[in-house]
Amino acid sequence: MTTGPPDGDAPVRVLVVDDDALVRSALAMMFDGADGACIVGEATDGDEVAAAVDALRPDVVLMDIRMARMDGLRATELLLARDQPPQVVVLTTFDADDQVLRALRAGASGFLLKDTAPAEIVRAVLRVAAGEPMLSPTVTRQLIARIAVVEAAPATGHPATARRGTGRGGGTLGGPPHGCPPGRRPAQRAGAGGGAGGGPGPVERGDRRRAVHERGDGEVVCLPAADQARPEQPGAARPARPRRRGARGMTDERAGFAVEVTDLTVRRGGSRLVDGVSFALRPGVVAGLLGRGGAGRSTILAILAAYGRPSAGTVRVDGADPFEDPRLMSEICLVREQADVERSLPVGEALSIAGDLRPRWDAALADHLAARFGLDRRAKVRDLSRGGRTALSLVIGLAARAPLTIFDEPHLGLDAPSRAAFHEELRADHRRHPRTVVLCTDLIDEIAPLLEEVVILDRGRLLLHTTADEARALGHEITGPVDAVGALVGDARVLAQRQLGSTRSTTVLGPIPRLAAAPREVEIGPVSLQDLVSHLTGGETTRR
């Protein structure tokens with residue numbers, strides 16, 4: 001296996017090793033169409049690296065640190081102990097000094113944070129493949145500071161230990177603000193989108209949020225977010241922030257962001273995950289993005305949250321492209337199933353850091369929600385149950401009060417009373433503080449009372465965009481004697497049909513001209529939104 005770039009004009013072959021599907025997806029979009037480099041495969045844990053390298057022969061391995069079975073540092077050590085190994089670039093949200101030093105001692109050629117701008121990540125891969133080491137500016141500054149501290153230790157008598165950089169000096173959060181894409185929020189980690197969760201460069205699981213700027217020479221520099229003051233007591237509740245004016249003079253009273261999606265197409269490899277989708281959401285609406293697994297829902301939400309760019313088409317949030325827009329990245333909050341925060345943090349500190357990243361954060365609401373969901377502020381995030389981590393995500397998403405708040409499968413792991421509590425809190429807070437909310441879940445009937453608009457997708461394409469009321473009126477379930485039902489249905493579009501003996505139940509879409517003349521023995525009822533989506537999107541699907 002080569003340790004440099006391939007011969008001739010062949011692109012640099014890249015293997016991605018990361019246990020977060022969203023990060024892998026964001027990196028795939030990042031390298032899609034990049035000149036000089038391409039992703040040839042993925043691994044989801046450190047113990048899969050050796051086999052993947054043998055099979056795919058990459059030139060560069062992009063290695064995450066935190067993985068379930070074998071962490072990326074150990075995997076790097078084992079990989080680089082082999083004959084003719086590929087180059088390794090550690091790409092992570094963790095910038096702790098010991099992690100950096102261990103990776104470099106193992107022989108890693110680069111160490112980048114996931115909040116590095118996409119173009120810089122691609123450039124770093126090309127430089128490493130050419131034999132040049134590559135460190136992010138933040139890591140470089142930390143190493144310089146550590147050397148200075150070590151050299152000063154004999155004179156001061158203090159232990160020669162470097163302060164761990166956090167962008168401000170404090171704990172770490174696992175990701176950019178919930179819904180904040182990695183590498184692009186004023187202060188956040190690599191993976192999600194704003195809040196306590198991540199964005200892509202894309203992920204967020206254990207880093208600090210930083211403002212990302214480009215110098216005149218084009219080099220990306222990560223600076224500590226100006227608004228990153230944190231309370232002295234970890235996990236202590238903070239007073240509500242004063243209302244602020246954003247770049248366009250808007251205040252917290254504004255009813256959310258408008259969303260415009262036009263001919264959106266996202267390709268990965270030879271597949272189209274999203275195919276020419278167009279829809280628009282008005283400011284302040286609560287909308288459902290609905291469909292079966294593989295419909296392209298999560299992919300669209302990641303694009304809205306600035307986790308990546310589309311292959312074609314445009315996305316506009318509040319009139320602007322959200323990708324790497326500092327104003328929008330802190331005002332879009334993507335809430336996913338699990339809390340995208342550093343799992344070693346206490347719940348209270350995780351909430352405190354999330355509040356530092358969100359300009360509209362309501363600490364009192366966060367305290368209320370944490371108590372209602374039974375979250376112990378002293379408990380470590382890693383010790384929470386699955387439902388507890390989901391509840392923490394919901395607390396962050398609601399308390400952030402972002403003008404565009406996105407909930408992607410917010411119910412997983414929650415029991416029925418907790419789901420009902422979430423719906424009640426969302427309804428009440430949206431009434432007091434309107435913002436644009438997009439909900440994506442398979443428990444459609446549970447969220448149906450909240451929805452004002454629905455966007456239904458199937459296999460990456462738009463099937464229907466209408467108001468929730470109009471969607472509910474589209475279908476009818478007609479039950480009665482076979483002949484009577486058949487006569488009433490006529491040429492209407494049949495979505496589903498069941499029959500038991502001489503009784504038939506038929507679900508139809510659209511108006512039924514003879515509905516008023518239905519005989520008494522025929523029962524006509526509405527079709528639930530869940531059943532409507534199921535019938536409209538019937539058939540096998542392969543994408544999520």
Side-chain angles (χ1 to χ4, degrees), residues 25-26 28-29 32-33 179 181 193 200 255-268 270-325 328-329 331-332 334 403-408 435-441 444 447 451-475 493 509-510 529 532-533 535-539 541-544:
S25 174
M29 288 189 287
D32 185 22
F257 286 161
V259 173
E260 297 175 66
V261 176
T262 305
D263 295 328
L264 177 64
T265 297
V266 179
R267 303 184 189 91
R268 186 188 302 165
S271 301
R272 289 197 179 199
L273 303 185
V274 179
D275 189 3
V277 170
S278 298
F279 62 88
L281 302 178
R282 56 186 170 82
V285 72
V286 178
L289 189 63
L290 311 177
R292 293 183 179 229
R297 297 172 296 166
S298 293
T299 302
I300 292 176
L301 296 182
I303 297 292
L304 288 179
Y307 285 19
R309 281 193 171 126
S311 304
T314 61
V315 169
R316 294 292 180 265
V317 176
D318 199 34
D321 182 350
F323 189 77
E324 294 196 357
D325 184 316
L328 289 177
M329 287 189 301
E331 296 279 38
I332 301 173
L334 172 61
L404 174 56
T405 301
I406 303 168
F407 294 96
D408 188 3
R435 63 265 210 190
T436 305
V437 175
V438 180
L439 291 161
C440 172
T441 179
I444 298 173
I447 65 166
L451 301 181
E452 299 169 82
E453 294 187 20
V454 296
V455 178
I456 301 177
L457 304 171
D458 184 39
R459 297 175 176 85
R461 296 184 178 182
L462 178 69
L463 283 185
L464 179 69
H465 176 210
T466 186
T467 67
D469 288 340
E470 289 175 344
R472 295 184 187 99
L474 285 175
R493 178 182 173 185
L509 181 70
L529 196 54
L532 180 66
V533 172
H535 294 321
L536 287 176
T537 61
T541 59
T542 58
R543 295 184 300 272
R544 167 77 175 93

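Side-chain atoms are counted along with the backbone in the values below, which use heavy atoms only and exclude waters and symmetry mates. Being a predicted model, the structure only gives us computed values, none of them experimental. Count residues from 1 along the sequence.
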J.: Hey, does Asp321 have a side-chain heavy atom less than 4.5 Å from the side chain of Val315?
T.: no
J.: For Gly284 and Thr436, which heavy atoms make the closest approach, and how far apart are they?
T.: N-OG1, 3.0 Å
J.: Can you give me the closest heavy-atom contact between Pro283 and Gly256, atom names plus distance?
T.: CB-O, 3.5 Å
J.: I need the minimum non-hydrogen distance between Thr265 and Gly276, along with the two atoms involved.
T.: OG1-N, 3.1 Å
J.: What's the separation between atom SG in Cys440 and atom CG in Asp408, rounded to the nearest 0.5 Å?
T.: 4.5 Å
J.: Could you list the residues that satisfy salt bridge (Lys or Arg N to Asp or Glu O under 4.0 Å) with Glu452, not counting sequence neighbours?
T.: Arg282
J.: Can you tell me how far the CD1 atom of Ile456 sits from the CG atom of Leu464, to the nearest 0.5 Å?
T.: 4.5 Å
J.: How would you list all residue pairs meeting salt bridge (Lys or Arg N to Asp or Glu O under 4.0 Å) that involve residues 303-315, not counting sequence neighbours?
T.: none
J.: Can you check side-chain contact (heavy atoms from CB on, under 4.5 Å) on Asp458 and Leu536, steps first, answer last?
T.: CA-CA 8 Å; Asp458 184 39; Leu536 287 176; over 6 Å; no
J.: Tell me, do Ile300 and Leu273 make a side-chain contact under 4.5 Å, heavy atoms counted?
T.: no
J.: Write down the atom of Pro322, the atom of Ile332, and the distance for their closest heavy-atom approach.
T.: CB-CD1, 3.9 Å
J.: Report the distance from atom CZ of Phe279 to atom CG of Leu462, rounding to the nearest 0.5 Å.
T.: 8.0 Å
J.: Report the distance from atom CZ of Arg292 to atom CZ of Arg297, rounding to the nearest 0.5 Å.
T.: 10.5 Å
J.: Restricting to non-hydrogen atoms, name the atom on Val317 and the atom on Leu304 that form the minimum distance, rounded to 0.1 Å.
T.: CG2-O, 4.2 Å
J.: Would you say that Leu509 contacts Leu532 through its side chain, given a criterion of any heavy-atom pair below 4.5 Å between the two side chains?
T.: yes
J.: Using the test side-chain hydrogen bond (donor to acceptor under 3.5 Å, both in side chains), find all partners of Arg316 that sit at least two apart in sequence or belong to another chain.
T.: none
J.: I would like to know whether Val437 and Phe407 meet side-chain contact (heavy atoms from CB on, under 4.5 Å); could you show each step before the answer?
T.: CA-CA 8 Å; Val437 175; Phe407 294 96; 3.9 Å; yes
J.: Quick one, Leu463 and Leu457 - any side-chain contact, counting heavy atoms below 4.5 Å?
T.: no
J.: Atom CG of Leu264 and atom OG1 of Thr314: how far apart are they, to the nearest 0.5 Å?
T.: 8.0 Å
J.: How would you list, by chain and number, every residue that makes a side chain to side chain contact (heavy atoms under 4.5 Å, CB included) with Ala287, sequence neighbours excluded?
T.: Leu281, Val285, Glu453
J.: If the test is side-chain contact (heavy atoms from CB on, under 4.5 Å), which one of Ile444, Leu451, Ile406, Leu290 qualifies with Leu439?
T.: Leu451
J.: Name all residues meeting the side-chain hydrogen bond (donor to acceptor under 3.5 Å, both in side chains) criterion together with Asp263; count only those two or more places apart in sequence or in a different chain, and write none if there are none.
T.: Ser278
J.: Ignoring hydrogens, what is the shortest heavy-atom contact between Gly308 and Ile303? Give both atom names and the distance.
T.: O-CD1, 3.5 Å
J.: Counting N and O atoms only, with roles assigned by atom type, does the side chain of Arg435 sit under 3.5 Å from a partner on the main chain of Phe257, one being a donor and the other an acceptor?
T.: no
J.: If you round to the nearest 0.5 Å, how far is CZ of Arg267 from CG of Asp275?
T.: 8.5 Å
J.: Using the test side chain to side chain contact (heavy atoms under 4.5 Å, CB included), find all partners of Asp469 that sit at least two apart in sequence or belong to another chain.
T.: Thr467, Arg472
J.: For a 4.5 angstrom cut-off between non-hydrogen side-chain atoms, does Val261 reach Val259?
T.: yes
